[in-house]
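Accompanying notes for the structure given below.
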Number of protein chains: 2
Amino acid sequence: MEKPEAPPSRRDEILDAAERMIRAAGYNAFSTRDVAEAVGIKAASVHYHFPTKADIGVAVTRRYTERFLLELGEPAAFKGNLGKTIAHYADAFRRALKRDGKLCVCAVLGAEIGGLPADVGEHTRMFFERNLEWLTGAMMASSRIGAARARRHATLVLAALEGALIVSKSLGDESVFARVADGLENVRA
Amino acid sequence: MEKPEAPPSRRDEILDAAERMIRAAGYNAFSTRDVAEAVGIKAASVHYHFPTKADIGVAVTRRYTERFLLELGEPAAFKGNLGKTIAHYADAFRRALKRDGKLCVCAVLGAEIGGLPADVGEHTRMFFERNLEWLTGAMMASSRIGAARARRHATLVLAALEGALIVSKSLGDESVFARVADGLENVRA
DNA sequence: GTCTATAATTTGATAGAC
DNA sequence: GTCTATCAAATTATAGAC
């Protein structure tokens, strides 16, 4: 057994609650007390695990980024099919939206970036940077596309998916995201 | 003279300041005091013009939407060229980013939508709805595209541009937006 | 229209007992 | 690790003088 069924640590529970709140309404819309109540402890106990609110923001963003990239797998695994590569990538976002009707952590934080603690903003930047790297690599592995063209198309796909989450949620219509994702799969780079 | 050089009313000054702050960091990142200080009055005076903070949010979003659509002009004005229609539409967003390095009001509010007063969220939704209408109409006027296909491509373009603003700002690289906009002009619907 | 004053609540954070 | 207690500051908003 690779996963010994470990129960979530309190630290994880705090991050779970904070992530949910960030994805629903943003960094400035929740308090450490909100998190505490969601977990079933007191605000002071949250501060024991994370001295400042910014520490929570950084930890949520780091964990989210690592999970996201882990779920994507190796960029070289999609040889020979650009459309499938994009479909696979879009699915990572689609799952988030479908599962709990929530946006990408970094779509929300990116929109608020001018009002975030510096280190939270920095980790948000790194999410986008690393995703562009992954997508560019996967596109180059799955078609004869050159590096510059791949990077350019990767940027378009990333931007369109993040934007689609926002428009989809704002309109209260999940099919909006699906249509954007489908459209991207059929666009030539 | 169509514009009699009217000085901005205090009401306008308040909305100008609030709009700047929303576009920089979001609805939950500014206070009525912040707005008051930016305008050079006291917070109580802001509440004279707008009883609640939500009233400011609604007024900013309404004004922004009207201006945006007015600037776009008539959707029928781009007969015969889909690429130019998309370029014209992208320019509306590009100007915002270039002028002051700031996002679209509704890109930010849309990302935070779960934490907004209901009426602010509703007007955010209407911005997207009306933009999709405009773009769909303009695309149908400028090419032989059918209604369903036009609406679908309009959604892709809108999502990609809103997302591009966020990724561009987060990476601190204006050229990201430019590359997404250029890429969209060359995509076939 | 703008101000002072103030109320009521929330927020991020700390000290120290258990 | 979690709690109670507490703090200083900030936030939204109102009453009433000028």
For [X] and [N], give me the distance from atom [atom1] to atom [atom2], rounded to whole Å.
{"X": "H49(A)", "N": "dT14(C)", "atom1": "NE2", "atom2": "P", "result": "16 Å"}
{"X": "N28(B)", "N": "dT11(C)", "atom1": "CG", "atom2": "P", "result": "10 Å"}
{"X": "F50(A)", "N": "dG1(D)", "atom1": "CZ", "atom2": "C1'", "result": "14 Å"}
{"X": "I14(A)", "N": "dG12(C)", "atom1": "CD1", "atom2": "P", "result": "14 Å"}
{"X": "Y48(B)", "N": "dT4(C)", "atom1": "OH", "atom2": "P", "result": "18 Å"}

Polar atom pairs (N or O), protein with nucleotides 16-18 of chain D, under 3.5 Å:
none

Full working for ring pair (Phe, Tyr, Trp, His ring centres under 6.0 Å) between F68(B) and F93(B):
CA-CA 9 Å; F68(B) 199 89; F93(B) 288 96; 4.9 Å; yes

Distance check, rounded to the nearest 0.5 Å: [X] atom [atom1] versus [Y] atom [atom2]?
{"X": "E37(A)", "Y": "K42(A)", "atom1": "CD", "atom2": "NZ", "result": "7.5 Å"}
{"X": "L70(B)", "Y": "R67(B)", "atom1": "CG", "atom2": "CZ", "result": "10.0 Å"}
{"X": "E19(B)", "Y": "D12(B)", "atom1": "CD", "atom2": "CG", "result": "11.0 Å"}

Looking only at dT2(D), dA13(D), dT2(C), the nucleotide nearest the H47(B) side chain is dA13(D)

Check: Does N186(B) use its side chain to pair, donor to acceptor, with the backbone of D182(B) at less than 3.5 Å?
Finding: yes

Report yes if at least one side-chain N or O of [X] is closer than 4.0 Å to OP1 or OP2 of [N]; otherwise report no.
{"X": "S45(A)", "N": "dC3(D)", "value": "yes"}
{"X": "K42(A)", "N": "dC3(D)", "value": "no"}
{"X": "R10(B)", "N": "dT2(C)", "value": "yes"}

Does the ring of F30(B) carry K53(B) above it, NZ/CZ under 6.0 angstrom from centre and within 45° of its axis? yes

Item to complete: Check step by step if side-chain hydrogen bond (donor to acceptor under 3.5 Å, both in side chains) holds for Y27(A) and N28(B).
Response: CA-CA 9 Å; Y27(A) 180 84; N28(B) 292 301; over 6 Å; no

Criterion side-chain hydrogen bond (donor to acceptor under 3.5 Å, both in side chains) on R179(A) and S175(A), from CA distance to verdict: CA-CA 6 Å; R179(A) 278 196 297 273; S175(A) 73; 3.2 Å; yes

Within residues 29-40 of chain A, those residues having any heavy atom closer than 4.0 Å to DNA chain C are F30(A), S31(A), T32(A), R33(A)

Worksheet entry | Atom CD of E74(A): over 12 foreign heavy atoms under 6.0 Å | no

